[in-house]
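Report on the following structure.
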Amino acid sequence: MKNLLAHSFMDMPLRLQLRDNPAAAADRPSSRRGLPAAMCACVVLMVGMVAAINLAVPMLAASDLHPSASALIWIVDTYVVFFACLVIPGGAAGDRFGRKGVLLTGLALFAAGALLSAIAPNVPFLLAGRAITGIGAAAVLPNTLAVLLHAVPAERKGVTIATWASMTGIGGVVGNVGGGAVLAGGSWRWLFAAAVPLSLVLVALVARIAPVSPRHDRPLSPLGAVLLVCASVALLLGIVEGPEAGWTSPIVLAGFAGAVVLFALWTFVELKAGHPLLDPRLFRVPALRSACLGMTTIFFGMFALFYVNASFLQYGKGFSVLLTGLGIIPLTVPVILGARHAGRLVQRVGVDATVAIAFVFCGCGLIGLSTSDTSTPYPVYAAWLVVTGIGVTAALPTLSAAISGSLPPAQAGVGAGLQATTREFGSALGVAVIGTVLTGRFVAALPSGIRSDHDPHTVAQALAAAPGRSPEVISAFVTAASTALRVIGASVLVLGALAVLQSRLSRNTK
């Protein structure tokens, strides 16, 4: 479900080096045969963790950590925020310090963060572990492809890119199915514990078979990266803390105000930098703005759905965690079977019409899912997942091509980094928004006796406070989930319309 043009993570200096010295990529025959499998496994692990954590939310809510509703959202989002904001610096660091070394460092950080998460005695330690794993993932993802493209001969680069890109989609499926299987053992800690040996095995494989690629004196912008992370965290802080702290509380107002100031400072720093990691001037291009908004919106809707789906199927439908992991698969069927046909649709009806169709399917699919309750047969729920998946299938390759096509070839690497950032930021924003709506509506839908006596903000808190009234608690959650999905579906339709309108206006003014 990720973009099919991620090959552009390889920057222009590397492209020139390989063009001028083809032998550099072709002098490693048999010793590198396992390299594609190792790099693809790294990608599957990084992406799979994004999806798998949603399955653990009900377990985390009922755990001895006793997380609040906002803490649950942060447990999911912290990894994604650091992943999103640091993926471009991660690629730049690989250029500067060596791709193999940065890749190994990223895997080691991922393992360390997963271990800290697995043994975390409280929520702050768990959040710290999630942040470390996100930093590690940002170092791993761009450098897996850079290492691969340095190692393979020119005639195999196309196949290598396609294989690598498909792993980003497979990672989501593996995260749901594999995560469900691990969590079926009964503890959320096992999900993080399982990631540790996997990461260490990959460290050993990469250290043994990955080639050392040339370094480039690409300058870094650490201040810009720090400001982008802090601005994103401040924005999500305002969104996530609203239902519990109150929308006019100091922490919420400070979060929103801090986000405005920090994003402004980030813009100023990047405009002044001689070699910005992400040049804000790029967004002067209308076609790029609309495509980035569209990409952010699609992942906003998808990951909002992932967050609610895991809890709805477990609480509302009584599915086991393994069945819940399998339950999202209908969404991926159109992506797997139909992605190669998206280009034909673009040729037939045009880019704007294809994107509009994609948003209609995605938004209406989410609204259709909002009509589900405890009595809805799963095949009906699955059908709406397929509808949503059709929208995702039409949107991703089309928007990826639009982002790449709106920039000159010399900025292809920037375009790919921008795609990664918009995807992951949209994912984080979707979880934050739907989690906020879900919490607020759940509290409002609880019977007044439970609400006034115990003030619960999660299903686990409400069930612990009133164990004899579980049907009422589950009913309140299902009501809240329906409202949240309707809000996300409507948001996808509105934001999608804005993206299409921006695209059409940009074409009319040419």
Side-chain angles (χ1 to χ4, degrees), residues 1 51 54-59 61-62 69 72 172-173 176-177 179-180 183-184 298 300-335 359-393 430-431 433-447 450 458-460 462-463 469-493:
M1 292 179 287
N54 294 290
L55 299 172
V57 168
M59 287 186 180
L72 286 172
V173 178
N176 276 288
V177 178
L183 290 168
I298 284 294
F300 171 87
M302 271 205 305
F303 277 80
L305 170 60
F306 291 162
Y307 186 80
V308 168
N309 170 78
S311 296
F312 174 77
L313 291 182
Q314 290 182 68
Y315 288 136
K317 303 296 290 181
F319 281 23
S320 68
V321 67
L322 178 57
L323 283 178
T324 299
L326 295 170
I328 197 66
I329 287 180
L331 177 75
T332 69
V333 171
V335 179
F359 282 119
V360 168
F361 270 89
C362 191
C364 291
L366 290 168
I367 292 173
L369 286 166
S370 74
T371 63
S372 301
D373 56 26
T374 55
S375 63
T376 302
Y378 175 74
V380 175
Y381 187 82
W384 285 116
L385 287 176
V386 171
V387 171
T388 307
I390 293 172
V392 172
T393 302
V431 171
V433 171
I434 201 165
T436 297
V437 175
L438 186 69
T439 300
R441 186 69 185 96
F442 173 68
V443 172
L446 282 171
I450 299 177
T458 68
V459 175
L463 291 175
R469 303 179 69 178
S470 59
E472 296 170 273
V473 172
I474 298 303
S475 176
F477 172 79
V478 171
T479 298
S482 297
T483 301
L485 285 170
R486 280 196 297 273
V487 169
I488 296 299
S491 299
V492 167
L493 291 174

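Model, not experiment: these values are computed from the prediction.
How far CZ of F306 is from OG of S311: 14.0 Å, rounded to the nearest 0.5 Å. Note that the CG atom of L385 and the CD1 atom of I329 stand 11.0 Å from one another [nearest 0.5 Å]. The CH2 atom of W384 sits 14.0 Å away from the CG atom of L331 when rounded to the nearest 0.5 Å. One finds the CD1 atom of I434 at 8.0 Å from the CZ atom of F300 (value rounded to the nearest 0.5 Å).
Every residue two or more places apart in sequence or in another chain that forms a side-chain contact (heavy atoms from CB on, under 4.5 Å) with I474 is listed here: Y315, T374, V459, V478. Residues satisfying the side-chain contact (heavy atoms from CB on, under 4.5 Å) criterion with S320, sequence neighbours excluded, are L322, L323. In this structure F312 satisfies the ring-ring contact (aromatic ring centres under 6.0 Å, His included) test together with Y381, sequence neighbours excluded.
Remark: the backbone N or O of P334 is paired with a side-chain donor or acceptor of T393 at under 3.5 angstrom. For Q314 (side chain) and L55 (main-chain N/O), a donor-acceptor pair under 3.5 Å exists by modelled atom type. Not a single donor-acceptor pair under 3.5 Å links the side chain of K317 to the backbone N or O of T324. Side-chain atoms of S475 do not come within 3.5 Å of backbone N or O of P471 as any donor-acceptor pair.
Sorted by first and then second residue, the pairs that involve residues 472-491 and meet salt bridge (Lys or Arg N to Asp or Glu O under 4.0 Å), not counting sequence neighbours, are R469-E472. Evaluation of the salt bridge (Lys or Arg N to Asp or Glu O under 4.0 Å) test over residues 300-315, restricted to residues two or more places apart or in two chains, returns none.
Contact detail for F442 and A476: the closest heavy-atom pair is CD1-C, 3.8 Å. Closest approach of S491 to V487, counting heavy atoms only: OG-O, 2.7 Å. Listed here is the closest heavy atom pair of A310 and N54: CB-O, 3.1 Å. The two atoms that bring G172 and A51 nearest to each other are O-CB, 3.8 Å, heavy atoms only. Across all their heavy atoms, A462 and V473 have their closest contact at CB-CG1, 3.7 Å. When all heavy atoms of G301 and I488 are compared, the closest pair comes out as CA-CG2, 3.9 Å.
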Name every donor-acceptor pair, under 3.5 Å, that has one atom in a side chain of residues 362-372 and the other anywhere in the protein, sequence neighbours excluded.
residue: S370; atom: OG; partner: I367; partner atom: O; Å: 2.4
residue: T371; atom: OG1; partner: G368; partner atom: O; Å: 2.5
residue: S372; atom: OG; partner: L369; partner atom: O; Å: 3.2

| said: Please determine whether side-chain contact (heavy atoms from CB on, under 4.5 Å) holds for the pair I298 and F359, giving the CA-CA distance in whole Å, both sets of side-chain angles, and the decisive distance to 0.1 Å. | reply: CA-CA 8 Å; I298 284 294; F359 282 119; 3.7 Å; yes

